[in-house]
Q: 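Dropping a structure here in structure tokens format, bear with me for questions.
Note: hydrogens, waters and symmetry copies are ignored here, and every other heavy atom, side chains too, is used. Naming: A, B, ... by sequence-line order, numbering from 1 per chain.
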2 protein chains.
Amino acid sequence: MATIYEVAALAGVSPATVSRVFNGNTVSEEKQRLVRDAAQQLGFTPNKTARRLRKQSSEIICLLVPDIENPFFTALARGVEDRAQESGFSVVLCNTDDDPAKELRYLQIAASEQMAGVILSPASDEVDLGAIASLGRPVVAVDRTTPYPVDAVKIDNRAAGIAATTALVEAGFRRIACIAGPAGIEETEDRYLGWKQVVTARKTLVRDGFLQHANFRVDGGRSAMKALLELVQPPDAVVTTNNLMAIGALQALHETGIDPEDFGVAVLGELPYLLPPPSSVVQVRLPARHLGRTAASMLLERIGGDTQPLRTVVLRAEIARPPLSL
Amino acid sequence: MATIYEVAALAGVSPATVSRVFNGNTVSEEKQRLVRDAAQQLGFTPNKTARRLRKQSSEIICLLVPDIENPFFTALARGVEDRAQESGFSVVLCNTDDDPAKELRYLQIAASEQMAGVILSPASDEVDLGAIASLGRPVVAVDRTTPYPVDAVKIDNRAAGIAATTALVEAGFRRIACIAGPAGIEETEDRYLGWKQVVTARKTLVRDGFLQHANFRVDGGRSAMKALLELVQPPDAVVTTNNLMAIGALQALHETGIDPEDFGVAVLGELPYLLPPPSSVVQVRLPARHLGRTAASMLLERIGGDTQPLRTVVLRAEIARPPLSL
DNA sequence: GTGCTTGACGAAATCGATTTCTTGCACTTT
DNA sequence: AAAGTGCAAGAAATCGATTTCGTCAAGCAC
């Protein structure tokens, strides 16, 4: 790899001039040409590491998601990436497994690597943003919020929960249960509050045990559904607060031999590649990609020096019925 | 962020000594203690950028995949990540969209960022590994190979194609078509050669048009399947050479109103979250995660200075029937 | 013609670590 | 006791860019 010094020597100018040529400073036409020719000839690309050390910043943004195998988050990642590319930024994608320790580790890496900013979907309320915050690097929370004062982009989770539950009520179901995520995660709490509001307002039957907490994955949804089906008076429909748990729930229904057409299922999120789409499944489409794109835009604005007050952007989910066929 | 100089000053030693403490060189017990105490007190973490500039290398490995929304590649990514973590390396995940230009761009970034090595699933035969190769950084090709002399981990694609097709023959299907990926991509060519070998050997009926080339995505599979169904004498079964195209094919069947139980479908890859699993679907399980893990191991060995001759590891796919229920 | 501004551009400092070179001291060896 | 050996640890060079500072000359006003 050629360095700026070699280019300077070949072009017969000082290294400073070479740097200026590539950073848009005042250099005479003549020398510009000399430098560009020399650079071309040597195949020179500026060493990013040296530049970063000097400038104390890079053009990389760090994206922390809890589960990269969840299509919701890959879609979100695409959104971030698309937007970042437009501004010449690269994205580093990291997987936290909802583990605060891993999360912390990546945040420290982000700090010590001089990354320009962080977009994260926090694993818990106790995220420690101290390291990056103290460096003044902007952070945007996505999908979930944090107690730290940072910008956020989220979904109107309560409205989504209401929409999903209402759709089931209107389809004629009267014993609607809810499979929520782990207790204490805001995102899922809001969704189940939406459910609660509707079942209360509509006075549908709610039994003890109709609210199940589960982990966010397929197995969580499955066991929660099994538990629901074993109740003395089981529900006739269920709202699941994320996509993977819905898959688990549908699996449980299938394994129990229940025709999914007879059992209402509403999902907050999209079921990937589901086919044939059971007509009784209601999906509330979460704008994952858009969420990512918006978060990236906000982050890039902050990186560009924007100092306006903190913002929380709330995106509205839209109901999709029958489910998407891709 | 505290620097090595501040730590040195607080501990009353030279910066060199501080560096030695953190790099396992000979320092007296006494000074070690002083330095560690000072570092602790200041919350010192070495600046990775400065270290990288000096050492001309980092502990980051770059993973280039064509499509991060394809579950096959996310599983592969997890494998890489798991292995990398064990050795204290971080993984940067990049999406090429099978676009040689994007690929090249990321390869240059990998080079100019001093990343320790690259694992890639090349977008085309014309990958230009010049930049990283000339820096002596190791590269491992995964899933697909390249003309460049690099280590590779792949799947025995022809055997997988044979297994898939044979399973259909044994299930009694006699007019077996094939939906292959874009012509010219080795990985898919081998798979369709497996199909060809079996249909020839078993003398099943093959018509013009039974071999369809499509892009690797859901829409490609769907239109290929539609084309097959419009043939004067359509097939009674199909082998698709990747997972997403199979989804598309199943969608097309569904839309045409054909009962999937009556039509044989064999997939090279796993169908994510499919339910209920139609019993006539054969899946050849590709060890994606293991592929990633193996690639990472090989790369890490090279990074560690291993100079043994080039290796190509071929992993065997296993047939799964009935399909996985997650 | 003198003094002042302005712009191009080279010299040198800087970012924060690692590493080589050197020094100084303690301890053998003959 | 002089010379040789070994080792801890400081001084200084180094990685490759950016940026500050200063110089010099041209352009302009008086």
Q: Rounded to whole angstroms, how far apart are CG on A:L53 and P on D:dT14?
A: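 The answer, rounded to whole Å, is 17 Å.
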Q: How far does CG of A:L107 sit from CG of A:L129, to the nearest 0.5 angstrom?
A: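 The CG atom of A:L129 is 6.0 Å from CG of A:L107, to the nearest 0.5 Å.
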Q: Kindly say if A:K48 contacts the phosphate of D:dG16, meaning a side-chain N or O under 4.0 Å from OP1 or OP2.
A: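 Indeed not, no polar side-chain atom of A:K48 lies that close.
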Q: Is there a side-chain polar atom (N or O) of A:S28 under 4.0 Å from OP1 or OP2 of C:dC9?
A: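 True: A:S28 side-chain N/O within range (under 4.0 Å) of C:dC9 OP1/OP2.
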Q: Establish whether the base of D:dT14 is bridged to the side chain of B:R54 by a donor-acceptor pair shorter than 3.5 Å.
A: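 Such a pair exists between side chain and base.
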Q: Would you kindly compare A:P46 and B:T17 by the position of their nearest DNA chain D nucleotide and give the one closer to the 5′ end?
A: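 Result: B:T17.
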Q: What's the CG-P distance between B:N47 and D:dC15, to the nearest Å?
A: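 Roughly 18 Å, once rounded to whole Å.
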Q: Closer to the 5' end of DNA chain D via nearest nucleotide, is it B:Q56 or A:A16?
A: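 Closer to the 5' end of DNA chain D: B:Q56.
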Q: Roughly, in whole Å, what's the span from CZ in A:R52 to C1' in C:dA17?
A: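 Checked: the CZ to C1' distance equals 14 Å.
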Q: With no hydrogens and no angle check, just 3.5 Å: does a side-chain donor-acceptor pair link A:R293 and A:S297?
A: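 No - no donor-acceptor pair under 3.5 Å links their side chains.
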Q: Rounded off to whole Å, could you give me the NZ-to-P distance for the B:K55 and D:dA13 pair?
A: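 In whole Å, D:dA13 P and B:K55 NZ are 22 Å from each other.
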Q: Provide, to the nearest angstrom, the distance between the CD1 atom belonging to A:I4 and the C1' atom belonging to D:dC15.
A: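 That distance rounds to 13 Å.
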Q: Charged N to carboxylate O below 4.0 Å: is that the case for A:D97 and B:R78?
A: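 Yes, this pair counts.
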Q: Using a cut-off of strictly less than 4.0 Å, decide whether B:S14 has a side-chain nitrogen or oxygen near OP1 or OP2 of D:dG10.
A: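 Yes.
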Q: How many Å lie between CZ on A:R33 and P on C:dC9, as a whole number?
A: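 Rounded to the whole Å, the gap is 13 Å.
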Q: Would the B:F22 and B:F44 ring centres measure less than 6.0 Å apart?
A: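 Yes, the ring centres sit under 6.0 Å apart.
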Q: Can you tell me the distance, in whole Å, between the CG atom of B:N23 and the C1' atom of C:dG16?
A: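 Checked: the CG to C1' distance equals 13 Å.
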Q: Kindly say if A:T26 contacts the phosphate of C:dA8, meaning a side-chain N or O under 4.0 Å from OP1 or OP2.
A: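 Result: yes.
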Q: Take B:R20 and B:T49, find for each the nucleotide of DNA chain C with the closest heavy atom, and name the residue whose nucleotide sits nearer the 5' end.
A: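 Residue closer to the 5' terminus by nearest nucleotide: B:T49.
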Q: I need the CD-P distance between B:E113 and D:dG16, as an integer number of Å.
A: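 Going from CD in B:E113 over to P in D:dG16 covers 15 Å.
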Q: Looking only at the side chains, is there a donor atom on one of B:T49 and A:Q114 sitting less than 3.5 Å from an acceptor on the other?
A: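 On atom types as modelled, these side chains qualify, holding a pair under 3.5 Å.
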Q: Base, sugar-phosphate alone, or nothing: which one does A:F22 contact when heavy atoms must sit under 4.0 Å apart?
A: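 If one applies the 4.0 Å heavy-atom cut-off, A:F22 turns out to touch nothing in the nucleic acid.
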Q: Using a heavy-atom cut-off of under 4.0 Å over every strand shown, decide if B:V18 touches base, sugar-phosphate, or nothing.
A: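 If one applies the 4.0 Å heavy-atom cut-off, B:V18 turns out to touch nothing in the nucleic acid.
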